[in-house]
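See structure below.
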Amino acid sequence: MHYDVFNGDADGICALLQLRLQQPLSSQLVTGVKREIALLSRIKPQPEDQITVLDVSMDKNKTALIDCLATGAQVFYADHHAPGDIPQHPGLTALIDESPTICTAAIIDVHLQGAQRAWAVTGAFGDNLKGTALALAKPLDLAPADLAALEELGVAINYNGYGPTLDDLHFDPADLYRSLLAAGDPLSYVRDSPDFRILRAGYASDMEQVNALQAAESTSRSAVFLLPDEAWARRVSGVFGNDLASKHPDRAHAVLTRKHGGSYLVSVRAPLNDRRDAATLCSQFPTGGGRAGAAGINDLPADQFDAFVAAFKQTYA
């Protein structure tokens, strides 16, 4: 049995697309919404099973990873989040790069020596690493319109991953991956896929609503936005943070989306010109984590709202 375990955002999906287009095989897909990262615990491998893990925190899956290795399974792990202590085991191949301008799709691009470069570019755009995406794209010599299409697709794939449950998403990430794999080429998908037209329309509609909101508070260094407990707000929470970061590269952004029961889903984006401390900030709170440039908290209790905002403002003062 082969398992492909991957984050349901653009980076995880585009990393896997590169591998399976270059190294086709039948596998069981294990994924979910972007914030669902404890994915390895969902499988019970047998000896000699093969497991590929992409763009999910090793630190958050450490116990399950050790259990998988103990069964005799072989694990290929590629990621750009802080891994904690990496297990030393002959059954583990780990490609980990925490550099703030690296994403998992870029790690796989190096691993495959650029064999599926257009998907790496798409994944980097989706992960809000525009400089990385443009650097990767240079050898492809793409027309400006084609490069813009890859950026739009990356953002759309990433947008689809946000929401606390699959019901909030336009497509189950596993189904979206399958449709992208069938297209083979990202530009063909943009040109021909009705699924892409659904994502494009949904993104435009949700962004129109969120762009009408004003910051709850803002300075030249940081801004806090509050989103309502609505499906459109949950879908757009992450890509809205990316959009704000691109428009205001010297400012940090926190997007807090109300959840049922009064708690908050939090997305933090460090300034693009100073990618630091987002994971450190969010890890101070239960269910928080991420990387230096972008992080989040899955469930911030209402009574910790003021403490979070104070810590956020202090971090980026």
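The basis for the numbers below is simple: all heavy atoms, side chains too, and nothing from hydrogens, waters or symmetry mates.
Between His80 and Asp55, the side chains place a donor N or O and an acceptor N or O closer than 3.5 Å (distance only, hydrogens not considered). For the residue pair Ser99 / Asp97, a side-chain donor-acceptor distance below 3.5 Å is found, with atom types taken as modelled. Side chains of His2 and Thr52: a donor on one and an acceptor on the other come within 3.5 Å. In this model, no donor atom of one side chain and acceptor atom of the other lie less than 3.5 Å apart for Tyr162 and Arg234. Of the N and O atoms on the side chains of Thr104 and Asp11, at least one donor lies less than 3.5 Å from an acceptor on the other residue. Side-chain contact of Gln116 with Gln22: a donor-acceptor pair under 3.5 Å is present, judged by distance alone.
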Set out, in order, the CA-CA distance, both residues' side-chain angles and the distance that settles ring pair (Phe, Tyr, Trp, His ring centres under 6.0 Å) for His253 and Tyr316, then state yes or no.
CA-CA 9 Å; His253 298 88; Tyr316 298 108; 9.6 Å; no

Check against salt bridge (charged side-chain N to carboxylate O under 4.0 Å, His left out), Arg235 and Asp206:
CA-CA 8 Å; Arg235 284 194 299 268; Asp206 289 352; 2.9 Å; yes

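Side-chain N or O atoms of Asp79 include none that pairs as donor or acceptor with a backbone N or O of Ile96 at under 3.5 Å. Although no hydrogens or angles enter the test, the distance criterion places a donor-acceptor pair under 3.5 Å between the side chain of Arg221 and the main chain of Asp250. For Thr132 (side chain) and Thr101 (main-chain N/O), a donor-acceptor pair under 3.5 Å exists by modelled atom type. At least one donor-acceptor pair closer than 3.5 Å links the side chain of Lys62 to the backbone N or O of Pro83. A side-chain donor-acceptor contact under 3.5 Å links Asp9 to the backbone of Gly12. Here the side chain of Asp168 pairs no donor or acceptor atom with the backbone of Gly163 at under 3.5 angstrom.
The residues Arg291 and Asp127 are annotated as salt-bridged, a charged nitrogen and a carboxylate oxygen being separated by less than 4.0 angstrom. Under a 4.0 Å N-O distance rule, the pair Lys259/Asp229 does not qualify as a salt bridge. Under the 4.0 Å criterion applied to side-chain N and carboxylate O atoms, Glu36 and Lys60 are not assigned as salt-bridge partners. Between Lys313 and Glu217 a salt bridge is recorded (basic side-chain N to carboxylate O distance below 4.0 Å).
Between Asp4 and the options Arg20, Gln50, Gln28, a side chain to side chain donor-acceptor pair (under 3.5 Å) holds for only Arg20. Of the candidates Arg200, Arg191, Arg197, Glu152 forms a salt bridge (charged side-chain N to carboxylate O under 4.0 Å, His left out) with just one, namely Arg200. Among Asn298, Thr257, Asp299, the one residue that satisfies the side chain to side chain donor-acceptor pair (under 3.5 Å) test with Ser263 is Asp299.
Aromatic ring pairs are classed by plane angle as parallel below 30°, tilted from 30° to 60° and perpendicular above 60°; the pair Phe308 and Phe285 is perpendicular.
Annotation: Asp303, atom CG; neighbour count of heavy atoms from other residues, nucleotides and ligands within 6.0 Å is above 12.
Nearest heavy atom pair, residue Val255 against residue Phe240, reads CG2-CD2, 3.9 Å.
Note: Leu95 CG to Ile108 CD1 = 6.0 Å, rounded to the nearest 0.5 Å.
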